[in-house]
Amino acid sequence: MTGESHRCEVLVVGSGPGGAVTASTLAGAGRDVIALEEGPHLRLDSCAPFSVAEMVQKYRSGGLNPAMGAPKAPLVEGCCVGGGSEINSGLYHRTPPEMLALWRERYQVRHLETGDLLPHFEANESALSVQLNPGAPAPAAVKMKMGADRLGWRSLEVPRWFKYGEGVSPNGLAIGTRQSMTETLIPRALASGCRLLAGVRADRVARENGRWRVMAARDGAPVIIDADAVFLCCGAIQTPALLRRSGITTNVGNTLALHPTVKVVAVFDDELNGDVPDVAAQQVKEFAPDISMGCSISSLPYIALAMTDHPDAKIDVGRAWRGMSIYYAMITGPTGGSVRNVPLSRAPIVRYPLEARHLRSLSKALRELCRLLFAAGATHLYPSISGFPVLRHEDELSRIPAELSRRSTNLMTIHMFSSCPMGEARDRCATDSFGQVHGHRNLFVNDAGLLCTAPGVNPQGSVMAIARRNAMQFLNSL
Ligand SMILES: Cc1cc2nc3c(=O)[nH]c(=O)nc-3n(C[C@H](O)[C@H](O)[C@H](O)COP(=O)(O)OP(=O)(O)OC[C@H]3O[C@@H](n4cnc5c(N)ncnc54)[C@H](O)[C@@H]3O)c2cc1C
């Protein structure tokens, strides 16, 4: 089969937040850059947000990637130009200073004070229009704040990457456009001369004649790219899988961390959901950094899916869904997971076993979330535990077991990290402090896998700031 070959100074593999920052920073500085992306190049508005069509077009495997372990925790990854930024909620946090301190101390990451990241936070916030919602908060957010206020708990509205200015909806919500990578940094990279190869999957990377060669494929036909330097930005699952396929395994794919998440469907007497699903940006930080709580998308299909855990529930979701809302509680999970390849399969095997103490943390997270929702006026609560009875009153919280069941609890996660941790501690880190793979000159990781542990907050702000810092360090080293 005939194929194609390309040559460039810097090859960036993966075009999610890590890859898009890397490509736009390097191309903007005049480097000759190719960005390679396995998924298709689609506009942000190619389908309705949070729809089934979006899952088909933009999610890896339609959103069905299991992590092996008990309880089961499906992993959700984007697979399109822009990666996870095309499908996410746009909730923004800077990296908490206590996390940076932990990473400096335990992983010996150099130059990782908040002050080192500040210019990168600011540049990315400006590029993505990170801001608070200027309109009325979503009704589900109002409920969450009300519950937190009544209990005296700390909660906040989280800024989002969003361009407002398109008026307000009939119920007072500000209208605008979420700022994904295809809306921001990908066009910026292309305008600076970056070449984008979409629909091309990298299989392996190898050192040949003093350069890096990436063996890839487009619809089964080979694509070869030779580059002086390669940045792997395929996300915390696919980057370690690619490195391991290439025979690079030291501290690669051994310490995956997640934010295991449990959900609750809450029923209220008043109407919360309109026809267009809205992201409610309120979060509760009373138990941070161990536990965080927030609001999930509550469209009819998402609520119907969540209610499949409760086949005996006497509720007609099709009629009642406007008064139902999904909330989550997540724990800052351990670095106990692994990513491994299996022969003849393109999909790596991901394992994420949880210990009894994590199931106790999840139980506490669930119980406190239910307490808050009752304080907010919920009349019925349906936790994401198969067959669990409906909760109707705070007195029934004692029915939640002190340790969640491995068999019947349904977890999920949309946040993955730490599979290729950065730092100078050679016994535990895959890369140096700036993402260069230890022992492999000019081969870099620049995605969520670098975060040494789960950060306990929505991660894209951290992924992008660290990626920009590393790309600038690379430019300075030339
Ligand atoms: C549904 C959802 C909601 C989320 N909500 C938020 C939120 O509100 N706030 C927040 O901060 N974070 C959120 N996140 C997490 C955030 O999107 C991720 O942390 C972020 O996208 C990680 O960026 P990344 O560059 O490391 O990887 P990714 O975004 O996963 O990008 C990796 C890219 O590499 C491509 N790729 C993979 N393998 C190959 C290969 N072999 N060859 C070529 N290309 C390859 C993939 O197709 C993908 O496009 C959410 C995630 C999801 C899934």
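Side chains included, hydrogens not; waters and symmetry mates left out as well; all remaining heavy atoms used. Order of listing sets the numbers, starting from 1, for every ligand and every atom in it.
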- prompt: When rounded to the nearest 0.5 angstrom, what is the spacing between CD in E77 and OH in Y59?
  reply: 12.0 Å
query: Between atom CD1 of I225 and atom CG of L11, what is the distance when rounded to the nearest 0.5 Å?
result: 5.5 Å
Numbering the atoms of ligand 1 from 1, which are under 4.0 Å from a heavy atom of [X]?
X    : answer
S89  : 5 (N), 8 (O)
G78  : 46 (C), 47 (O), 48 (C)
I87  : 1 (C), 53 (C)
C233 : 32 (C), 33 (C), 34 (O)
Q238 : 37 (C), 38 (N)
G18  : 25 (O)
G83  : 29 (O), 31 (O), 48 (C), 49 (O)
W161 : 9 (N), 10 (C), 11 (O)

To the nearest 0.1 Å, how far is [atom] from its closest protein heavy atom, and which atom is that?
atom                    : value
atom 46 (C) of ligand 1 : E37 OE2, 3.5 Å
atom 20 (C) of ligand 1 : P17 CG, 3.9 Å
atom 27 (O) of ligand 1 : G235 CA, 3.5 Å
atom 44 (N) of ligand 1 : E38 N, 3.1 Å
atom 29 (O) of ligand 1 : G84 N, 2.8 Å
atom 41 (N) of ligand 1 : A202 O, 3.0 Å
atom 18 (C) of ligand 1 : P459 CG, 4.6 Å
atom 6 (C) of ligand 1  : N88 CB, 3.5 Å

How does [X] reach ligand 1, by side chain, by backbone, by both or by neither, if only non-hydrogen atoms under 4.0 Å count?
X    : answer
F50  : neither
D203 : neither
A236 : neither
A467 : neither

Okay, side chain of [X], backbone of [Y]: is any donor-acceptor separation there less than 3.5 Å?
X    : Y    : value
Q131 : F162 : yes
Q179 : T177 : yes
R213 : I224 : no
T239 : A236 : no
N133 : P137 : no
N470 : A467 : no

message: When you measure from atom 48 (C) of ligand 1 to the protein, is at least one non-hydrogen atom found at a distance under 4.0 Å?
response: yes
Which is closest to [atom] by heavy-atom distance: [options]?
atom                    : options               : answer
atom 53 (C) of ligand 1 : V76, L91, V457        : V76
atom 14 (N) of ligand 1 : Q460, H415, M416      : H415
atom 37 (C) of ligand 1 : R201, R60, E54        : R60
atom 10 (C) of ligand 1 : V81, L232, N458, I414 : N458
atom 22 (C) of ligand 1 : G449, G19, A448       : A448

- prompt: Any side-chain heavy-atom pair from L26 and F231 closer than 4.5 angstrom?
  reply: yes
Of N88, V279, I87, the residue whose pairing with R178 passes side chain to side chain contact (heavy atoms under 4.5 Å, CB included): N88
Between [Y] and [X], is there a side-chain donor-acceptor contact under 3.5 Å, judged purely by atom types and distance?
X    : Y    : result
T95  : S462 : yes
Q282 : S155 : yes
N446 : R469 : no
H93  : Q283 : yes

- prompt: With sequence neighbours left out, what residues match K145 under salt bridge (charged side-chain N to carboxylate O under 4.0 Å, His left out)?
  reply: D149
task: Look at the rings of W212 and H440 and say which category their plane angle falls in: under 30° parallel, 30 to 60° tilted, over 60° perpendicular.
output: tilted
4.0 Å heavy-atom contact, N446 with ligand 1: no
